[in-house]
Structures are given as C-alpha cells and as structure tokens.
*Asks:* 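Dropping the structure in here first, questions after.
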Amino acid sequence: MVKTDLTDEEKKLIIEALNNNIELPPELMIKLFPGLAEKFDVAKLDRAKIVTLEYAGKRSEAAILNQSSPTDAGSPLQVERCFKDGSLTGETQLDLFTKAKDGTDDNWQNLIVQGDNLQFLKTCHRNADPLIKDKVKGKVKLFYIDPPFATKSDFRGSGDEKSYSDKVDSAEFIEGLRERLIFLRELLADDGTIYVHLDWKMASYIKTVMDEIFERHKFLNEVVWAYFAFKRSTSKKFPQKHDVIISYVKNKNKYCWETQYKPHKDEYLKRWKKDSNGRYYRDDVNPTGGGTRIIYIDKLKGDIVDSVWDDIPPVNPVALERVDYPTQKPEALLERISLASSNPGDLVMDAFAGSGTTAAVAEKLGRRWIVCDFGKHAIYTMQKRMLKIGESKALGKDVKKNQKYDKLPKPFCVVSTGAYDFSRIMKLRENKDAYVDFVLGLFQSSRDEKDLSGKYRLTNIFGEKDGDPVEVYPVWNDEYLKNIRIDEKYLKGIILQLQQQPSSQENVNNLINSTGFYFNDDVEIEVERTKQGLKIIRFETKILDKQEKRLKGLDGLAMLLVDVDYDEEIFDMDRTVFAKDISADGEIRMTGLTESIAVIAIDKHGNESKLLIIVTTQVDRLKAEGC
C-alpha cells in the first residue's frame, strides 16, 4: 500500500469530516486516493475545451466513485422472491448464490431491484455481490433511463427569477442525476450506448453534464419524440408537445447500431403506381442498360428513421400495454431504441424503471434485463407486468398487427437493496461463507481469503477495511446465539437513514437519495369488506416522525396494494390506493372485488405488512350490504 503523507491540519480535517458525516475537500480526496485522480483530470478537460456546468455542491468524479463516507458505497442484494414460467420457485438467497458460482449465462436471472438506484449502482460498481459479480459491471450494452424531469419549483421563482431555494433545488437535482450518470458510464460495455429521456426543462442542463461525463465527441443523437397531444392555448408561448432523448456511446469507434426503418407515408406512396393486385410499384431505368425494370415498394426496407419521431403516440388508455402508471412510456419507443442499439442476448438496464416498459420490451426482444426503482408501487406493477407478459402485444420486425406475445416470462427475481428482512439474513447462517459475504457487503468490506485470523491473532476475522481487521460474529454457532442479545435497541443503532414511500400518485417518481441500510420493521393491518369496498380497521407501524414519536393510526401509511381476485399463490397487484385517497376513518371506495381478495400495506418507510387474505362468504356479503 502506498504511504500517504498528511499534515496535522489535513488529519484534523479528516477527523472532523468523519465525525460530522461530511465530505472531504476534493483536493484532499485526491491526495488520499491518487489512483482515482485520473478519473477527473481538470487539465485534460481544459485542453479539450469542454463546457462544464458549475454549481454549489458539485463534486469531483474521484470523490463520487470513491465515496468518502464509509457507509455509502452500495449495499448487498437480498432475494425476496423468484419466478420461473410465471410461478413462484421458492428459491432462496443460498440457492442463487450457488447458481451464481456457476458463472454461466444458463443461470442468468433477470432482476427487478427495489431500492435507491444510486445504492444499487454503487453495488454494481463495487462488483463484489455474489448475485451480480462479473455479470453487470462493464457489460451493460444498453441503458435507457427516464429520470424525473423537474425539481419542486421547475426552476422558476416569483417574478420570473430564480429564488435561492430554486437554485438549491436545481443544483441538488442536477448533481444527483450526474452522480448516477457517472456510475452508469462505469457499468456500460465498451460498445454500449446510453439513452436519457428528458423534457424541455432539463434537456440543456443534462446535455452539458453528459458532455463532461461521456466526452462531447461521444455524443450520438438528440432525438425529438413528438408525441400526439391535443393542442390547447398556452400563455404567451407555443404549446409544448415533445420530449428529447439524448444518446452517448462509450466508444465512438465501436458501438452497436442497426439502422431502423418505418413504413412509407401516404404522401410518398402517391408517387407510385398500383398494379391489379394492389401492390405499389414504379418503373426504374436499369443502370446496366436494357430498358426499364419494375421495383415493388414492399421489397424495400422502408423509410429510414431519422431523429424526429412523430410516428409513436403515447400509451393509449385502453391499450393492452397500459398498466395505469404515471409517466408510462410506450413500448414502441423502447422497441425502436432496443433494436437500434442492442442485439438478442445483450444486457439492457433501466435505473428509473417505473412501470417496467424497458423490462417488458427487453423480454419480448430476447434481451436480458435489470430494472430498478425505489417505490413498492413500481415493484409490484413491474412484477405483475412480467408475469402477465404473454397476454400483451408481441414486438419485433416480423410481428403481425395485434399479435400477442403468448410466451411465459423467462426466470426473474425480485431483490432488495438497502432494506432487509433480518430473518432472511439469519437463514444464511446455514452457509457460513454466504452469511459472511452478505454481512461484509453491508459494511462495504470485501472478503479477503488470506489468513487474517492468524495475522491478527483473533478469531472470526474475515476482512479488512481501511487497514483494520473486520470481525463477523459467529451466528452460525448455536451456542453463540444463546448468549448474544440482538434486540430492537441493537438494531436501531444500525439504522442510518430511511426514505419515504410516495403517499400520492403525483410523487411516485421523486428522485431518491439514501445511504446505508436498515432492517424492515413489522407492519400490521386489519381490513374488512364493506358495501362500498374496503375499510381499514387497524393499522400499526413502528416508524417514527421527526420528533421521534411513533406515528399513530393511518399517519404512517403510504399505500394499500390490492389483489382483487387472489389465486392463493401469487399476489397480483390490481389496484394501488394511496394514503391521500383513504378517508380519515379508513374507508376505501372500490368496485370489482371478488370473493377472494388480498392486500398488502406499505408504510412511509417502505415496510410491508404480511399478506392479508380476505375471503368473503355469501353471508358476509349480505351482512356488508346491510341485509
């Protein structure tokens, strides 16, 4: 290890930063970690004359990739549930660890990841978690992200001037997205491409940021998606009816590209003749001589797709692909991007997955996929979409109109990062190595195969962090478990930060930042059928408010997920009822309920209740109707 010479003043700054959980100055970070300084070469940027966006709180790439906070470098993945051919497999964390060691694509599992995407990207960058080790970093052929478009104030203050708070919001948002983009670049394959979907409020800012991160000469396209919309009068401006999608490549000399075509427009067809069979043709002069020849238009590939996409409408409210999720993008949009910039078998990834359009399109086109979102609403929406994918429209070049996909989904798992079920962790003690790897991952300490116990003359030393030994308590030893107390007080001491789940439809796409990890708390709920729908009789959660008092009643509830026709095997979310749509007495108006329904309550910290099944008999139904 290279020795670092620090002054007493620099050592004092480091101690103060650690004690106050703040970041070190960039110049000190580079001195501590000189190997990462090359990631952000100011002189090189100056020579390249790249315009950069400067704002309060902007950090160097070296600081971002290193992560100065010792508890802010990603979190391991915990398996929640796995599916094969549309059914639960019952596979556990240990089962997937065993599969992962195989190292072949035959054991690949597509992933829906629940958690802060920044923490997940850091986990991928560390490349230590057994479930994704050597399978993601540097191997993502295509990234598509559709981040939230705006800050709280849309960059505007009173009097058409940016207020101080607006500037803070803008800077925080841009830096949050920039941080994620830096990690996305690190995960991108050498011949990979990234597409970022933006609206008019953010495009110019993020284009400048991406010029800096990916280098300006690797800019590929600015695509205008001119979606259909009913024009209405706007105040002193032209009505807005388009988004932009900007794309960059990792290597300008080698990247995946397949030219895309679309059917010719009617105006173009008018220039062609039509034969007795209705086929369009024209007479062309034979370039080799010998008169004319006949060319049929159906033998041509079509009209080359350019950078203005005015042929893809937004998702129709009655379309098969509609999943009733805000900001859902049409599958045709992702189909065009996927066909242009990836091949079958390639890995496609979406870090702001939302409704899961990227996963659905990748599945139908034979790509592998990983999607991530913080919201439980999004996770259950994507899970259902993948399980029901056979009923949706097929995609591809040779697909007929309205043809169904009609295939079962390939194996996929729902995993979490940053929020853990402690009982699942304890089950890992059946395999000592798996347990040790998971715990080391929680604290960002890589497994060291050397004889560390011998080196430090201590038992149960399995890793090193910052030059110090890391001990993992031997919970696989039953005798040890009898003598240790892991209670609520112990677990509270580990909790670093919790992020809130959305309690309304309007904020499901908020940009989330979280650090560290926490263990899920118990959530309890009682619900009964009523004439109008459902009523919450009791709801309890252990989460606290800002005054550290336990939230009472429905105050801690974020949403209620409902399966209106539960099949006693898979919870298949049909409705999401946000807290703001539930009356103070717990009444929920809902139609279409069957005799067997199931509900899951989500509190504001993302903790889930156990599945509550409500079976309604004829007597119960009559009673609910007041008979």
Side-chain angles (χ1 to χ4, degrees), residues 74-117 119-124 126-136 347 349 351 353 356 359 363 368-376 378-384 386-387 409-443 447 475-476 517-520 569-573 600 602 606-608 610-611:
S75 302
L77 305 177
Q78 184 176 78
V79 176
E80 299 294 332
R81 49 196 174 273
C82 293
F83 302 88
K84 184 178 181 181
D85 296 333
S87 299
L88 284 164
T89 65
E91 289 176 294
T92 66
Q93 190 96 1
L94 288 174
D95 295 327
L96 262 65
F97 278 175
T98 302
K99 278 187 175 182
K101 288 180 180 178
D102 186 320
T104 65
D105 285 344
D106 293 340
N107 287 323
W108 171 264
Q109 303 264 4
N110 293 320
L111 296 178
I112 296 176
V113 183
Q114 194 275 317
D116 172 14
N117 58 14
Q119 292 302 309
F120 176 59
L121 294 175
K122 292 173 185 176
T123 299
C124 294
R126 286 187 70 237
N127 197 31
D129 191 286
L131 296 182
I132 58 171
K133 184 176 173 60
D134 298 330
K135 294 182 177 180
V136 178
L347 176 57
M349 194 164 165
E363 177 86 5
R368 295 174 296 135
W369 53 265
I370 297 176
V371 290
C372 179
D373 203 282
F374 181 78
K376 291 291 180 74
I379 298 304
Y380 279 102
T381 296
M382 289 188 280
Q383 175 181 300
K384 178 177 181 177
M386 298 314 301
L387 292 175
K410 296 181 178 66
F412 73 93
C413 293
V414 177
V415 300
S416 60
T417 181
Y420 304 108
D421 182 337
F422 191 71
S423 64
R424 292 175 188 265
I425 296 176
M426 292 305 290
K427 286 180 182 178
L428 291 180
R429 67 192 184 95
E430 298 170 16
N431 185 310
K432 173 182 170 182
D433 288 338
Y435 177 83
V436 170
D437 284 338
F438 191 91
V439 172
L440 290 176
L442 287 176
F443 298 95
R447 183 73 173 264
V475 296
W476 52 86
F517 64 90
Y518 66 94
F519 296 116
N520 293 321
E569 181 185 2
I570 297 175
F571 179 78
D572 189 14
M573 185 192 74
I600 294 176
I602 311 291
N607 300 303
E608 292 187 25
K610 292 181 179 178
L611 186 70

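Predicted model only: the values in this text are computed from it and were never measured. When reading the values below, keep in mind they use all heavy atoms of this one structure, side chains included, and skip hydrogens, waters and symmetry mates.
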*Asks:* Under the side chain to side chain donor-acceptor pair (under 3.5 Å) test, which residues partner S416, sequence neighbours left out?
*Replies:*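 For S416 the side chain to side chain donor-acceptor pair (under 3.5 Å) partners, ignoring immediate neighbours, are E80.
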*Asks:* With distance as the sole test, does R424 use its side chain to make a donor-acceptor pair with the main-chain N or O of V79 at under 3.5 Å?
*Replies:*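 Side chain of R424 to backbone of V79: a pair is present.
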*Asks:* Under 3.5 Å, is there a donor-acceptor pair between the side chain of Q114 and the main chain of K376?
*Replies:*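 Answer holds: no.
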*Asks:* Kindly write out the residues that satisfy side chain to side chain contact (heavy atoms under 4.5 Å, CB included) with L611, not counting sequence neighbours, or none if the list is empty.
*Replies:*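 By the side chain to side chain contact (heavy atoms under 4.5 Å, CB included) rule, L611 matches Y566, F571, A598, I600, I613.
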*Asks:* Got a sec, which residues hit side chain to side chain contact (heavy atoms under 4.5 Å, CB included) with T92, two or more places apart in sequence or on another chain?
*Replies:*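 Expected list: L94, D95.
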*Asks:* Report the distance from atom NZ of K432 to atom CG of D437, rounding to the nearest 0.5 Å.
*Replies:*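 K432 NZ to D437 CG: 11.5 Å, rounded to 0.5 Å.
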*Asks:* As an exercise, state the distance from CD1 of I570 to CZ of R81, rounded to the nearest 0.5 Å.
*Replies:*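 Reported value, rounded in 0.5 Å steps: 10.0 Å.
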*Asks:* Nearest 0.5 angstrom please: T98 OG1 to N431 CG, how far?
*Replies:*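 Here the rounded value is 7.0 Å.
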*Asks:* Which heavy-atom pair separates N110 from R368 by the least distance, and what is that distance?
*Replies:*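 So the two residues come closest at OD1-CA, 3.5 Å.
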*Asks:* Please answer whether the main-chain N or O of C372 pairs with a side-chain N or O of N117 as donor and acceptor at a distance below 3.5 Å.
*Replies:*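 Between the backbone of C372 and the side chain of N117 there is no qualifying donor-acceptor contact (under 3.5 Å).
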*Asks:* For Y380, which residues count as a side chain to side chain donor-acceptor pair (under 3.5 Å) partner, sequence neighbours excluded?
*Replies:*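 Testing Y380 for side chain to side chain donor-acceptor pair (under 3.5 Å), a comparison that skips the adjacent residues, returns E608.
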*Asks:* Sequence neighbours left out, what passes salt bridge (charged side-chain N to carboxylate O under 4.0 Å, His left out) with K384? Give chain and number order.
*Replies:*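 With neighbours one apart ignored, the set is D574.
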*Asks:* Applying ring pair (Phe, Tyr, Trp, His ring centres under 6.0 Å), can you list everything that pairs with F97, at least two apart in sequence or on another chain?
*Replies:*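 For F97 there are no ring pair (Phe, Tyr, Trp, His ring centres under 6.0 Å) partners, ignoring immediate neighbours.
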*Asks:* State, to 0.1 Å, how close D129 and L77 come at their nearest heavy-atom pair, and which atoms those are.
*Replies:*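 Residues D129 and L77, closest heavy atoms: OD2-N, 2.8 Å.
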*Asks:* Begin with the C-alpha distance, continue with both residues' side-chain angles, and end with the deciding distance and a verdict on side chain to side chain contact (heavy atoms under 4.5 Å, CB included) for F83 and M386.
*Replies:* CA-CA 10 Å; F83 302 88; M386 298 314 301; over 6 Å; no
*Asks:* By side chain to side chain contact (heavy atoms under 4.5 Å, CB included), which residues pair with N127, not counting sequence neighbours?
*Replies:*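 Result, side chain to side chain contact (heavy atoms under 4.5 Å, CB included) vs N127: K133, D134, K137.
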*Asks:* Can you tell me how far the OG1 atom of T417 sits from the CG atom of L121, to the nearest 0.5 Å?
*Replies:*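 Here the interatomic distance stands at 10.0 Å.
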*Asks:* Tell me the closest heavy-atom pair linking N520 and A419, and the distance in Å.
*Replies:*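 Nearest pair, atom of N520 first, then A419: OD1-CB, 3.7 Å.
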*Asks:* How long is the gap from SG on C413 to CD on Q383, to the nearest 0.5 Å?
*Replies:*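 It comes to 11.0 Å.
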*Asks:* Minimum heavy-atom separation for S75 to G418, with atom names?
*Replies:*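 In terms of heavy atoms, the two residues are closest at CB-N, 3.8 Å.
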*Asks:* List for me each residue that meets side chain to side chain donor-acceptor pair (under 3.5 Å) alongside T89, sequence neighbours excluded, and say none if there are none.
*Replies:*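 With neighbours one apart ignored, the set is E91.
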*Asks:* Measuring from atom CZ of F519 to atom CG of L442, what distance do you get when rounded to the nearest 0.5 angstrom?
*Replies:*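 Nearest 0.5 Å value for the CZ-CG distance: 6.0 Å.
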*Asks:* side-chain contact (heavy atoms from CB on, under 4.5 Å) with F412: which of L111, I370, L387?
*Replies:*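 Considering L111, I370, L387, a side-chain contact (heavy atoms from CB on, under 4.5 Å) with F412 is found only for L387.
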*Asks:* If you take all heavy atoms of M349 and C124, which pair is closest and at what distance?
*Replies:*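 Closest approach of M349 to C124, heavy atoms only: CE-SG, 4.4 Å.
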*Asks:* Decide if atom NZ of K427 counts as having more than 12 heavy atoms of other residues, nucleotides or ligands within a radius under 6.0 Å.
*Replies:*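 Atom NZ in K427 is not packed in, count stays at 12 or less.
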*Asks:* Of the non-hydrogen atoms in S87 and E569, which two are nearest, and what is the gap between them?
*Replies:*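 Closest pair (atom of S87, atom of E569, distance): CB-OE2, 3.7 Å.
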*Asks:* Checking K610 now: which residues fulfil side chain to side chain contact (heavy atoms under 4.5 Å, CB included) with it, not counting sequence neighbours?
*Replies:*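 Scan of K610 (side chain to side chain contact (heavy atoms under 4.5 Å, CB included), adjacent residues dropped) gives none.
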*Asks:* Taking Q78 for the side chain and D421 for the main chain, is one N or O donor matched with an acceptor at less than 3.5 Å?
*Replies:*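 Between the backbone of D421 and the side chain of Q78 there is a qualifying donor-acceptor contact (under 3.5 Å).
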